[in-house]
Amino acid sequence: AAVGMAVIAILVGFLAAVIGIIWAYGVLTRMMGRVAGLDVETSLKEGNTALGFLLGAAIYAIATVLSTGVSGISKALIGM
């Protein structure tokens with residue numbers, strides 16, 4: 001039973017992390033489009049490495065924050 005709960009906790013945590021990162025990427029691209037007037041997809045295809053680095057750093061920061069929440073969800077599901 002414990003292994004089953006651990007697998008469910010991992011799957012829920014993974015799903016929450018993926019949804020959170022996809023949502024954050026959408027928010028970041030819309031924000032950059034509105035504030036800076038950039039089309040993020042086109043700029044990245046043209047080789048704008050500074051924008052790529054900025055997006056990567058922002059997604060890393062968001063993933064770090066989300067990892068704490070996912071860890072809490074997993075612990076609550078397992079009952080630790």
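In this chain, residues are counted from 1 in sequence order. Note that these values count all heavy atoms, side chains included, but never hydrogens, waters or copies made by symmetry.
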Novice: Are T29 and Y25 close enough that some pair of their side-chain heavy atoms sits under 4.5 Å apart?
Specialist: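 Yes, side chains in contact.
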Novice: Quick check on the hydrophobic clustering: are L44 and V27 connected, directly or via other members, by side-chain heavy-atom contacts under 4.5 Å?
Specialist: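 Looking at the clustering, V27 is in a separate group from L44.
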Novice: In terms of hydrophobic clustering (I, L, V, M, F, W, Y; side-chain heavy atoms under 4.5 Å; direct or indirect links), are V40 and I59 co-clustered?
Specialist: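 Result: yes, single cluster for both.
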Novice: Below 4.5 Å, heavy atoms only, C-beta onward: do M32 and L54 meet side chain to side chain?
Specialist: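 Sidechains of L54 and M32: in contact.
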Novice: With hydrophobic residues grouped by side-chain heavy-atom distances under 4.5 Å, do L66 and M31 end up in a single group?
Specialist: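 L66 clusters together with M31.
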Novice: How long is the straight-line distance from OG1 of T49 back to CZ of F53, given to the nearest 0.5 Å?
Specialist: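 Separation between the atoms: 10.0 Å.
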Novice: Would you mind reporting whether I62 and L28 have side-chain heavy atoms less than 4.5 Å apart?
Specialist: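 Heavy-atom side-chain distance check passes, below 4.5 Å.
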Novice: Kindly compute the distance separating CG (N48) from CG (L55), expressed to the nearest 0.5 Å.
Specialist: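 Between N48 CG and L55 CG, I get 9.5 Å after rounding to 0.5 Å.
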Novice: Which other residues belong to the hydrophobic cluster containing V18, where Ile, Leu, Val, Met, Phe, Trp and Tyr are joined when side-chain heavy atoms lie under 4.5 Å apart, directly or via other members?
Specialist: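 F14, I22, listed by chain and number.
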Novice: Ignoring hydrogens and angles, tell me if any N or O in the side chain of R30 forms a donor-acceptor pair with the backbone of G26 under 3.5 Å.
Specialist: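 Yes, the answer is positive, given that a donor and an acceptor are paired below the 3.5 Å cut-off.
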